[in-house]
Colleague: 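Just dropping this structure here.
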There are 4 protein chains.
Amino acid sequence: MVLFQITPGSDVPLFRQIIDQVRGAIAQGRLSPGDPLPSVRGLAAELVVNHNTVAKAYSQLVRDGVVESQQGRGYIVASRREIYTKTERKRRVTALVTPLINEAITLGFSPEEVLELVQRELTKVSVDSKG
Amino acid sequence: MVLFQITPGSDVPLFRQIIDQVRGAIAQGRLSPGDPLPSVRGLAAELVVNHNTVAKAYSQLVRDGVVESQQGRGYIVASRREIYTKTERKRRVTALVTPLINEAITLGFSPEEVLELVQRELTKVSVDSKG
Amino acid sequence: MVLFQITPGSDVPLFRQIIDQVRGAIAQGRLSPGDPLPSVRGLAAELVVNHNTVAKAYSQLVRDGVVESQQGRGYIVASRREIYTKTERKRRVTALVTPLINEAITLGFSPEEVLELVQRELTKVSVDSKG
Amino acid sequence: MVLFQITPGSDVPLFRQIIDQVRGAIAQGRLSPGDPLPSVRGLAAELVVNHNTVAKAYSQLVRDGVVESQQGRGYIVASRREIYTKTERKRRVTALVTPLINEAITLGFSPEEVLELVQRELTKVSVDSKG
DNA sequence: GTGGTCTAGACCACG
DNA sequence: GTGGTCTAGACCACG
């Protein structure tokens, strides 16, 4: 099974797609705290992207406390620790929720349909990941 | 009351913030079909941005069928009509849902908490704004 | 062979002429899905217009699903997908048909002649470009 | 029966809509050579537009040989006389046909569908108008 | 080297 | 007074 998949044709930057894939893998429980991430160069080769792009993605994940650098021995999934305050975390999520709702409603979806869409996507999430 | 607010320092482009503000005002029923939008130059002055930036935001909203241009008399909120196929509308919304969930879960929120956050934001939506 | 040609003196805006040229090249099969478009700055230099003008044309084509942006690697012709409802697509075409007919008839053309003119132009369309 | 109808909310300028309506009335035989047009001020009042707007439309129609000014006694539909060469008339119509086809084809219509749409609109045209 | 965003400012069209 | 288009030029993001 392939762990990460990117779409080079998308308008989402490659490094952000990689970040998203790592977050997604953790959210879905395919990666757990302590698990090693693919090496920077290995993943770069596999995805056929520049290794700087992978490095950039990993370093942002480190900055956000999602993964940890094991100096010289690669990266692992961080044990969950909250580096952001509750307020900050809520702010970050709300910053994504609001535009989603505004777009959906003005596209003609009803509130119920929006909720349904979110719910359906949430079923893909592993319950274990929230540990 | 101020209708639109933007954050100049944000990584979200100014014109996109304006688009979101307009969509939000409509979704929340603060603006209804037929209501005039602030004039391009007037809003530009108020937000302290270039008029081209406001013009860009407005013209994208026109292309999405959300507002209408009234030659020489400015812009108004369009009456609701669906111009995109169901597939396209779903594609657009899903593109916003997935990263939201990945971010939220890896920040430590449970699926239930995510749903709650979405639900709370949805209560701000006007009943009139939908279909 | 020159791919795109514009008429600077025309009353049709430059960015709209560029849009039409791209659409024409696709309709006639001179550009196929996956083919790269000229770079924004390159085309701007060739047509002796500002790069913003080309960027505006390209971004509207993206919004119409006709071309795609490939981050850092420029634009390509999109594979065909329909994003607009049948109603919207008809509305757009009809908006162009009516004035054409009124102009043609009052210029002295008979309905048959108008049809002939349209038919002749349609022979330039590539069979591959449809459906 | 109302002779002319305009849509103030459209993005087509009012004076151009009036031109189009007059041309349409002639094309459909509701107005014939020698028939008087509504007075500038009368039509302005009826359409609730500035009389300068109507005057501008009429003067462009005069320039194109479609109507004639009867100094002080208003305007009448001109007897058909060709003020443009065959080449020029073809150039004008083709300038409208090409973008129509390019738009239609890249929106996903087949050449046959385009032809059909044009044909359907042409059925509204009176045969007498081509005299 | 690719595109994306933004500003400052001009000039024009419409009404 | 309203918006539409365009240029010149800057600065940044991505790879």
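Chain identifiers are assigned alphabetically (A, B, ...) following the order of the sequence lines, protein sequences preceding nucleic acid strands; residue numbering begins at 1 within each chain. Only this structure's heavy atoms are used, side chains among them; waters, hydrogens and symmetry mates stay out.
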Colleague: Between the side-chain atoms of Arg41(B) and the base atoms of dG4(F), is any donor-acceptor pair under 3.5 Å?
Modeller: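 Side chain to base: pair present.
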
Colleague: Rounding to an integer number of Å, can you tell me how far Glu68(B) CD sits from dT2(F) C1'?
Modeller: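 Rounding to the nearest Å, CD of Glu68(B) and C1' of dT2(F) are 16 Å apart.
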
Colleague: Gln60(C) has an atom CD; how far is it from atom P of dC6(F), in whole Å?
Modeller: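 The distance from CD of Gln60(C) to P of dC6(F) comes to 11 Å, rounded to the nearest Å.
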
Colleague: Find which nucleotide of DNA chain F each of Asn52(C) and Arg16(C) is nearest to by heavy atoms, and output the residue with the more 5' nucleotide.
Modeller: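 Nearer the 5' end of the strand: Arg16(C).
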
Colleague: Closest approach to the side chain of Leu14(A), judged atom by atom: which nucleotide of dC6(E), dG15(F), dG3(F) is it?
Modeller: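 Looking only at heavy atoms from C-beta outward on Leu14(A), the closest nucleotide is dG15(F).
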
Colleague: Report yes if a side-chain nitrogen or oxygen of Ser39(C) is closer than 4.0 Å to either non-bridging phosphate oxygen (OP1 or OP2) of dG1(E); otherwise report no.
Modeller: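 No, no such contact exists.
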
Colleague: Which of these nucleotides, dG4(F), dG15(E), dT5(E), is closest to any side-chain atom of Ser69(B)?
Modeller: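 Given the options dG4(F), dG15(E), dT5(E), the side chain of Ser69(B) is closest to dG4(F).
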
Colleague: Are Thr53(B) and dT7(E) close enough that a side-chain N or O sits under 4.0 Å from OP1 or OP2?
Modeller: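 Yes, Thr53(B) has a side-chain N/O under 4.0 Å of OP1/OP2 on dT7(E).
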
Colleague: Between Arg30(B) and Asp35(B), is there a salt bridge with N-O shorter than 4.0 Å?
Modeller: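 Answer for the salt bridge query: no.
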
Colleague: Check the orientation of Tyr75(D) and Tyr58(D). Use parallel for under 30°, tilted for 30 to 60°, and perpendicular for over 60°.
Modeller: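 Tyr75(D) and Tyr58(D): perpendicular rings.
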
Colleague: Whether Arg73(C) contacts dC14(F) is assessed here as follows: a side-chain N or O lying under 4.0 Å from the phosphate OP1 or OP2. Is that the case?
Modeller: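 For Arg73(C), the contact criterion (side-chain N or O under 4.0 Å from OP1 or OP2 of dC14(F)) is not met.
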
Colleague: Between the main-chain N or O of Ala95(A) and the side-chain N or O of Thr98(A), is there a donor-acceptor pair closer than 3.5 Å?
Modeller: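 No; judged by distance alone, with no hydrogens or angles, the pair does not exist.
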
Colleague: Check step by step if side chain to side chain donor-acceptor pair (under 3.5 Å) holds for Arg92(B) and Tyr84(B).
Modeller: CA-CA 10 Å; Arg92(B) 290 185 176 219; Tyr84(B) 294 112; 3.3 Å; yes

Colleague: Output yes when at least one side-chain N/O atom of Tyr75(B) is less than 4.0 Å from OP1 or OP2 of dG4(F), else no.
Modeller: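 Yes.
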
Colleague: For Lys56(B) and dT5(E), is the shortest distance between a side-chain N/O and OP1 or OP2 below 4.0 Å?
Modeller: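 Yes, Lys56(B) has a side-chain N/O under 4.0 Å of OP1/OP2 on dT5(E).
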
Colleague: Please figure out whether Leu37(C) or Val49(B) has its closest DNA chain E nucleotide nearer the 5' end.
Modeller: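 Per heavy-atom nearest nucleotide, the more 5' residue is Leu37(C).
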
Colleague: Without decimals, in angstroms, what is the distance between His51(B) NE2 and dG9(E) C1'?
Modeller: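 It works out to 7 Å between those atoms.
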
Colleague: Do Thr85(C) side-chain atoms and Glu88(C) backbone N/O form a donor-acceptor pair below 3.5 Å?
Modeller: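 A pair under 3.5 Å: yes.
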
Colleague: Closer to the 5' end of DNA chain E via nearest nucleotide, is it Phe15(D) or Val48(B)?
Modeller: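 This one resolves to Val48(B).
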
Colleague: Does dC14(E) have a Watson-Crick or wobble partner in any strand here, with both distances under 3.5 angstrom, and which is it?
Modeller: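 Across all strands, the one nucleotide that pairs with dC14(E) is dG1(F).
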
